[in-house]
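Read through the structure below, which is laid out as structure tokens, and then see the notes.
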Amino acid sequence: MTTIFLNQTMPKYIKTACTRDCPNTCSLIAKVEDDRVVSLTGDPDSPTNAGRVCRKCPGFVKRAYDANRVLWPLIRVNGRLTRASWEDALELVASKISLHAKSDPKSILYYQGFGSRTALKLVNRRFFNLLGPTTITKGTICGGAGQGAQDLDYGTRISHDIRDHNNSRLMILWGRNPAVSSLNLMPVIKNLRSKNIPVVLIDPIRTQSSSLCSWRLAPKPGTDAFLALALARIIFEAGREDNDFLLKSTENLGAYKEIVFSETLEQRATACDIPASQIERLALLIMENKPVSFVLGWGLHRWVNSHITLRSIDALGAVAGSIGRPGGGVSQGFEEYQPYDWSIWGDEMNPNRRKLFMPLLGSELKKADPPILLAFITAGNPVAMLPDSNEVKSALERVPFKVYGGHFLDDTGLLADVFFPATTFLEEDDIVASYGHSYICPINRAIEPLGESKSDFDLFMSLGAKLNLKDYVKPREEWLKIIMAPTLKMGLTIETIREGGAYQPDIPHVPYQDGLFPTPNGKFRLLDFYAPPAKNDGDRRFALMSTAPKQWLCSEIRPQEHPQILPITINDSVAYELGIADGETVLVHNSLGQLKAQAKLDSNLRADLVVIPRGGWDFLGCNVNVLTRALLTTVGQGTAYYESRVDVSKITI
Ligand SMILES: Nc1nc2c(c(=O)[nH]1)N[C@H]1C(S)=C(S)[C@@H](COP(=O)(O)OP(=O)(O)OC[C@H]3O[C@@H](n4cnc5c(=O)[nH]c(N)nc54)[C@H](O)[C@@H]3O)O[C@H]1N2
Ligand SMILES: Nc1nc2c(c(=O)[nH]1)N[C@H]1C(S)=C(S)[C@@H](COP(=O)(O)OP(=O)(O)OC[C@H]3O[C@@H](n4cnc5c(=O)[nH]c(N)nc54)[C@H](O)[C@@H]3O)O[C@H]1N2
Ligand SMILES: [Mo]
């Protein structure tokens, strides 16, 4: 018998985790053959995703190996981005930084996007702090309003562990689209439904999550506070409020009740455009099925007065007896930087430095005095993802020198004077925590960096060495230990995390069980101030909802994966009235810009809004943010994207 030896190495299986901007932060296994990742699957040992992954996961492998990925440094020469050596690119950037840092550090802006928020990325901001009082951003384009509002109520926002929702007798998904954004919630929803436990969705749009739920309420966008207050009033009137909790563990009860009783059910039903009978039915469900878990999404954050909505729902949770109870809670997210020592950012070195509002970046850049002369952007695509893109783009175009660290020549990459090719998580050793759960995950390198790409960590260490930054240039493992110090002190080791991950030791799975809150007087703060939804530019017919699409994640879309034209979902009767047929190309416009989109008629959609997916690139004609207004939320310095209105017109040739 002859034995044939195949010249093939055995596959390797590497435990890692997805670092994409997503609340699931799935634990993954990369299968590697001949130093090539051939598949990414869910880690079956993970307590969060238990072997599951979303449909985008195989796409991350394709993305890493995509022919359009930039794998070499580029420098703009005579107007064109041209391949360069690392040495030349580093030398050029270091000399520019050094020049501006000496004359006025304020003229340097660092913008860190949400593309990847791993432990080692804390050293990025430290680099800019070591240069002096450089300019950074403040505020956020993601969950600022929610965190700000919940911090007001709880002292510090902590959510229930996802698995605890299995103990609920009623789940209310409020402004969240788990079928798209929350893979880890799906088995819980299915489990509850299999036990005939109601799962109610509150969303003005009929999303992919609707069919998972027992019932959907479709309020007028931005008016959920009226709904939450109406529900609380019904519960108080029935004498079914959780008096034990309200009297012992809350403050502002008198002021809150005044707000609750200041309007009738009918007034509030009209304001949120939900029939009073439906509000009564939901109130009954809440009273009869305890504990209730309220699970909030990020759609609720995108309004100027989001905090009123979020705080009204927190307070409703208190009235319903959900706070501090297993199976209860008003859960919204986690602090993804919880495991780290935040002092590593080094902000205390420059307490009075200039900060530009991220959500208002375009106008902030144009107003900046002294002006920004060098903008350094990593892991973000502000031209496509910030509101009022046209303003952001023209403001960035005026900045004389721009450095971009990323993977593709997207809208922001194309503006760069120097492009540094970043690695993907498949090529990195790091650690990542999550804003959707409290499990710390390892990022173990599956393959060597492709081409000449380098991690952001290696990029900043190289620049630090060029600029002779003392005590900054250290090996990766040393920095990891410094950054992870608070967690390591609690007994976790880097090795335990490397082997598959661990829960953060200081985060309880059911928070606030003792009825004590980290607020100044230890009590849960009930809403004591009320403001109606902000008035938006009502002269346009439709509210514009630019939500997370199933097919892609933020602006991480390969160029060839872009649709020819973005879809716009519009109510069918309204479309008929406007003479628009299904599939027809229409013009969506307002005072900020215009976009061509393809009409998708939907009889289930409210007549007062249209939906366009977010994330597409501008130069491919797919950027919804040419139509969104740059507005801050009142609390949390978030972005009120959905306070934007548009008209939709037939295109006549
Ligand atoms: N596939 C995919 N997954 C993603 C993302 C993606 O782009 N694609 N993005 C990731 C990111 S960065 C985030 S932050 C999360 C977001 O995750 P989600 O919060 O689940 O998603 P969103 O689409 O932002 O908003 C959820 C829902 O809120 C609704 N909503 C908006 N305004 C209101 C309102 O006033 N009242 C009510 N009741 N509902 C409202 C919207 O109609 C929307 O269906 O998802 C992450 N996951
Ligand atoms: N209209 C509208 N716009 C929105 C929203 C909305 O609801 N409506 N929601 C917003 C939300 S929730 C968010 S979070 C933001 C997200 O907006 P951004 O912060 O701009 O994030 P991404 O679009 O994910 O862009 C991430 C970029 O980082 C790159 N990247 C990934 N990992 C790394 C890395 O390790 N190093 C480097 N250097 N680069 C890396 C990717 O290739 C990609 O180009 O957009 C917001 N924009
Ligand atoms: Mo986000």
Side-chain angles (χ1 to χ4, degrees), residues 19-24 54-56 63 69 111-118 120-121 124 140-143 146 173-183 185 201-209 217-225 227 272 296-303 306 309 332-333 358-359 377-387 389 404-408 410-413 420-425 428 430 435-436 455-457 459 533 543-557 609 611-615 623-625 627-628 638-639 641-642 644:
T19 62
R20 301 292 74 127
D21 183 2
C22 169
N24 301 294
C54 74
R55 58 182 260 177
K56 296 181 298 305
R63 200 178 142 78
R69 184 176 154 195
Y111 178 105
Q112 188 166 10
F114 291 80
S116 165
R117 287 171 269 183
T118 60
L120 283 175
K121 294 205 165 67
N124 301 11
T140 158
I141 50 173
C142 190
L173 292 168
W174 209 320
R176 180 142 168 169
N177 187 3
V180 164
S181 71
S182 313
L183 173 96
L185 258 180
L201 180 67
I202 304 180
D203 195 317
I205 303 174
R206 189 169 172 275
T207 62
Q208 293 92 330
S209 300
L217 292 176
K220 183 171 171 218
T223 64
D224 301 66
L227 174 59
C272 67
L296 316 186
W298 287 265
L300 294 175
H301 304 207
R302 316 258 184 259
W303 304 89
S306 289
T309 300
Q332 186 244 312
M358 183 184 264
I377 300 168
T378 60
N381 185 0
V383 174
M385 298 313 272
L386 290 181
S389 291
Y404 183 75
H407 299 132
F408 284 82
D410 56 20
D411 294 321
T412 311
F420 284 121
T423 42
T424 68
F425 66 90
E428 291 171 13
D430 206 334
Y435 64 97
S455 65
D456 289 359
F457 178 81
L459 163 64
L544 169 65
M545 311 289 288
S546 45
T547 51
K550 185 138 191 149
Q551 304 89 307
W552 64 72
L553 194 114
C554 294
S555 75
E556 293 215 353
I557 322 165
L609 60 88
V611 189
I612 303 182
R614 71 186 198 215
N623 178 15
V624 69
N625 279 320
L627 297 164
T628 54
T639 312
Y641 290 97
Y642 297 170
S644 306

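Reckoned from all heavy atoms, side chains included, excluding hydrogens, waters and symmetry mates. Whatever order the structure lists them in is the order used to number ligands and atoms, beginning at 1.
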Self-check item: Under the salt bridge (Lys or Arg N to Asp or Glu O under 4.0 Å) test, residues paired with Arg20 that sit two or more places apart
Solution: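 Arg20: salt bridge (Lys or Arg N to Asp or Glu O under 4.0 Å) contacts with Glu556.
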Self-check item: Side chain, backbone, both or neither: Thr207 near ligand 1, heavy atoms under 4.0 Å
Solution: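 Side chain only.
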Quiz item: Taking non-hydrogen atoms only, is Cys142 closer than 4.0 angstrom to ligand 1 via side chain, backbone, both or neither?
Solution: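 Near ligand 1, Cys142 shows its side chain, while the N, CA, C and O stay back.
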Measure the distance from [atom] to every protein heavy atom, then report the residue, atom name and distance (to 0.1 Å) of the closest one.
{"atom": "atom 23 (O) of ligand 1", "result": "Ala548 N, 3.0 Å"}
{"atom": "atom 26 (C) of ligand 2", "result": "Gly115 CA, 3.5 Å"}
{"atom": "atom 19 (O) of ligand 1", "result": "Trp298 N, 2.6 Å"}
{"atom": "atom 43 (C) of ligand 1", "result": "Asp203 OD2, 3.2 Å"}
{"atom": "atom 2 (C) of ligand 1", "result": "Pro549 O, 3.2 Å"}
{"atom": "atom 35 (O) of ligand 1", "result": "Gly222 N, 2.7 Å"}
{"atom": "atom 41 (C) of ligand 2", "result": "Glu556 OE2, 3.2 Å"}

Please classify the [X] to ligand 2 contact at 4.0 Å (heavy-atom distances, strictly less than): side chain, backbone, both or neither.
{"X": "Ile141", "value": "both"}
{"X": "Thr639", "value": "neither"}
{"X": "Tyr404", "value": "side chain"}
{"X": "Val624", "value": "side chain"}
{"X": "Arg63", "value": "side chain"}

Quiz item: Has Tyr435 got any heavy atom lying under 4.0 angstrom from an atom of ligand 1?
Solution: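 A heavy atom of Tyr435 does come that close to ligand 1.
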So, 4.0 Å and heavy atoms of [X]: is ligand 2 close enough to count as a contact?
{"X": "Tyr642", "value": "yes"}
{"X": "Phe457", "value": "no"}
{"X": "Tyr641", "value": "yes"}

Please identify which atoms of ligand 2 are closer than 4.0 Å to at least one heavy atom of [X].
{"X": "Asn625", "result": "1 (N), 2 (C), 3 (N)"}
{"X": "Ala422", "result": "36 (N), 37 (C), 38 (N)"}
{"X": "Gly113", "result": "19 (O)"}

Do any N/O atoms on [X] end up under 3.5 angstrom from N/O atoms on ligand 2?
{"X": "Ser546", "result": "yes"}
{"X": "Arg614", "result": "yes"}
{"X": "Cys554", "result": "no"}
{"X": "Thr423", "result": "no"}

Quiz item: Do the side chains of Thr19 and Asp430 get nearer than 4.5 Å, heavy atoms only?
Solution: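 When only atoms from C-beta onward are counted, Thr19 and Asp430 do not touch, as no gap falls below 4.5 Å.
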Quiz prompt | Check: Leu553 and Asp21 side chains under 4.5 Å, non-hydrogen atoms | solution =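 The answer is yes; the side chains approach within 4.5 Å.
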Under 4.0 Å from a heavy atom of [X]: which atoms of ligand 1 are those, numbered in the order shown and with their elements?
{"X": "Asp224", "answer": "34 (C), 35 (O), 36 (N), 37 (C), 38 (N)"}
{"X": "Ile202", "answer": "37 (C), 38 (N), 39 (N)"}
{"X": "Lys56", "answer": "1 (N)"}

Quiz item: Does the side chain to side chain donor-acceptor pair (under 3.5 Å) test come out yes or no for Arg176 and Ser182, once each step is laid out?
Solution: CA-CA 9 Å; Arg176 180 142 168 169; Ser182 313; 3.1 Å; yes
